[in-house]
Amino acid sequence: NFSIQLENKSNDELGELAESIQLLSNELNHLKTERNEFLASISHELRTPLTYIKGYAEVAKREHLSLDERLDYLIVITEEATKLTTLVTELMELAQLDNNTFTIQKEMFYVSDSLKKISQKILPAFKQEAKKLLIICPENIQIYADPIRFEQIILNLLENARKYSSKGTITTTEISKKDTEIKISIHDKGKGIPDNDIPFIFERFYRVDKSRSRELGGTGLGLSIVKELIDAHNWQIEVSSEINKGTTFTIIARGES
Ligand code: ADP
């Protein structure tokens, strides 16, 4: 509850007050709409895998099925359950990032050390799909960042580079430093992002090609998490892309180094 003393106010002051109240009310309505849209998206994203799980579980219960057929259904059920787990993990991650108590624990570390760990995690997936990953990073570049969050940002971008490019292509990660500015660029030779979609890719649940992204296991939350983590470091991220040629994400990190 709050009250405002209206006596002794001039017409101008009352006008300004009315305008401020109108602006606040518009902002509240906007937030309400955003929250409702977000809830609707979550419900939809949770319901889709659940529908598959329920449907396939019903079919798998039928008596006359062979073991192989039953196995096929169980594989789909497991895949859909994995998607649900990813979705819930990412939603929890976003909720944590939205929370004001979220802090990042920055420290100095060598970018090359972190990239070695990252490539160990992601390389098998690249190899399995006959895709190449090239990392160019001078050994002596140190960065002031949260090491766990840094890994999360790069892994997310590399996973996208892998997902949205085809067999035989190469993804290049290049690190350079000029004065106190560190540039990290991740360039793939994949399908690219249409110009019209670029302004929205960091929004929650935004996907360029919904059905294909679902096939590839996307949630549409990865880049919104990346953006939150970039903001938390006070860094910048830029995207440039050309259809069927590839996409480059560039992080510009300015640290206390
Ligand atoms: P998703 O889980 O669907 O990958 P993201 O938030 O990570 O969600 O990305 C949002 C959308 O941006 C993706 O669905 C995809 O359409 C597009 N996108 C992201 N990275 C790339 C890339 N490297 N190449 C082409 N499209 C991309």
Side-chain angles (χ1 to χ4, degrees), residues 86-87 89-99 101-126 131 133-138 141-165 171-178 180-188 190 193 198-208 213 216-241 246-257:
T86 311
L87 181 61
T89 309
E90 290 188 347
L91 281 171
M92 282 168 61
E93 185 73 40
L94 270 175
Q96 193 208 343
L97 291 171
D98 271 347
N99 189 329
T101 58
F102 166 74
T103 51
I104 48 170
Q105 311 275 326
K106 287 193 200 176
E107 57 183 76
M108 273 295 203
F109 58 89
Y110 285 102
V111 181
S112 56
D113 286 345
S114 177
L115 287 175
K116 275 174 206 154
K117 270 197 251 161
I118 293 170
S119 77
Q120 269 173 3
K121 284 190 187 166
I122 193 114
L123 209 53
F126 270 84
K131 294 169 187 173
L133 178 62
L134 175 67
I135 297 177
I136 305 166
C137 178
I141 296 183
Q142 281 190 298
I143 196 164
Y144 189 62
D146 183 320
I148 294 170
R149 300 311 189 171
F150 179 78
E151 191 179 314
Q152 199 179 358
I153 293 171
I154 307 296
L155 265 178
N156 245 305
L157 295 175
L158 285 177
E159 261 163 30
N160 278 350
R162 175 184 60 79
K163 269 197 310 196
Y164 300 108
S165 58
T171 294
T172 311
T173 305
E174 195 164 0
I175 321 296
S176 62
K177 186 175 178 188
K178 204 175 159 230
T180 58
E181 192 179 278
I182 297 172
K183 253 193 198 165
I184 303 159
S185 85
I186 294 176
H187 171 70
D188 65 58
I193 306 169
I198 286 186
F200 307 107
I201 54 168
F202 291 103
E203 283 181 10
R204 291 165 192 197
F205 293 117
Y206 193 84
R207 281 176 288 188
V208 175
S213 297
L216 295 167
T219 59
L221 291 175
L223 283 183
S224 60
I225 293 175
V226 166
K227 183 70 171 68
E228 297 266 2
L229 295 174
I230 292 284
D231 289 348
H233 282 87
N234 277 326
W235 294 346
Q236 274 162 304
I237 185 160
E238 290 166 2
V239 194
S240 67
S241 189
T247 305
T248 309
F249 283 88
T250 308
I251 298 167
I252 299 146
R254 285 182 199 88
E256 279 95 305
S257 58

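Scope of the values below: all heavy atoms of this structure, side chains included, with no hydrogens, waters or symmetry mates.
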Nearest-0.5 Å distance that lies between atom [atom1] in [X] and atom [atom2] in [Y]:
{"X": "I186", "Y": "T173", "atom1": "CD1", "atom2": "OG1", "value": "4.5 Å"}
{"X": "L155", "Y": "N160", "atom1": "CG", "atom2": "CG", "value": "11.0 Å"}
{"X": "L87", "Y": "M92", "atom1": "CG", "atom2": "CE", "value": "12.0 Å"}
{"X": "L157", "Y": "R162", "atom1": "CG", "atom2": "CZ", "value": "13.0 Å"}
{"X": "K117", "Y": "I122", "atom1": "NZ", "atom2": "CD1", "value": "15.0 Å"}
{"X": "E174", "Y": "T248", "atom1": "CD", "atom2": "OG1", "value": "10.5 Å"}

Mark yes or no for whether [X], through its side chain, and [Y], through its backbone, hold a donor-acceptor pair below 3.5 Å.
{"X": "H233", "Y": "D146", "result": "yes"}
{"X": "S241", "Y": "G246", "result": "yes"}
{"X": "S114", "Y": "V111", "result": "no"}
{"X": "K131", "Y": "T171", "result": "no"}

Only counting residues at least two apart or in another chain, list the ones meeting side-chain contact (heavy atoms from CB on, under 4.5 Å) with [X].
{"X": "E107", "answer": "F109, P147"}
{"X": "K183", "answer": "S176, E181, T250, I252"}
{"X": "L134", "answer": "I136, I170, T172"}
{"X": "D231", "answer": "K227"}

Apply side-chain contact (heavy atoms from CB on, under 4.5 Å) to I148 and E151, showing your working. CA-CA 5 Å; I148 294 170; E151 191 179 314; 5.9 Å; no
Partners of F126 by ring-ring contact (aromatic ring centres under 6.0 Å, His included), sequence neighbours excluded?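 F126: no ring-ring contact (aromatic ring centres under 6.0 Å, His included) contacts found.
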Heavy-atom side-chain proximity of [X] to [Y] below 4.5 angstrom:
{"X": "L158", "Y": "L133", "result": "yes"}
{"X": "F202", "Y": "V239", "result": "yes"}
{"X": "I184", "Y": "F249", "result": "no"}
{"X": "R254", "Y": "N234", "result": "no"}
{"X": "L94", "Y": "S224", "result": "yes"}
{"X": "Y164", "Y": "D188", "result": "no"}

Kindly determine whether I143 and F150 satisfy side-chain contact (heavy atoms from CB on, under 4.5 Å), including the steps that lead there. CA-CA 10 Å; I143 196 164; F150 179 78; 4.0 Å; yes
Which heavy atom of [X] sits nearest a heavy atom of [Y], and at what distance?
{"X": "I153", "Y": "I251", "answer": "CG2-CD1, 3.6 Å"}
{"X": "I225", "Y": "Q152", "answer": "CG2-NE2, 4.0 Å"}
{"X": "P138", "Y": "S112", "answer": "O-CB, 4.1 Å"}
{"X": "I198", "Y": "I193", "answer": "CG1-CG2, 3.8 Å"}

Only one of L91, T86, V226 forms a side chain to side chain contact (heavy atoms under 4.5 Å, CB included) with L221, so which one is it?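 It is L91; the other options fail the test.
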With a 3.5 Å cut-off and no angle check, do the side chains of R149 and Q105 form a donor-acceptor pair?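 The answer is no; no qualifying pair exists.
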Could I get the full list of salt bridge (charged side-chain N to carboxylate O under 4.0 Å, His left out) partners for E228, not counting sequence neighbours?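 E228: salt bridge (charged side-chain N to carboxylate O under 4.0 Å, His left out) contacts with R204.
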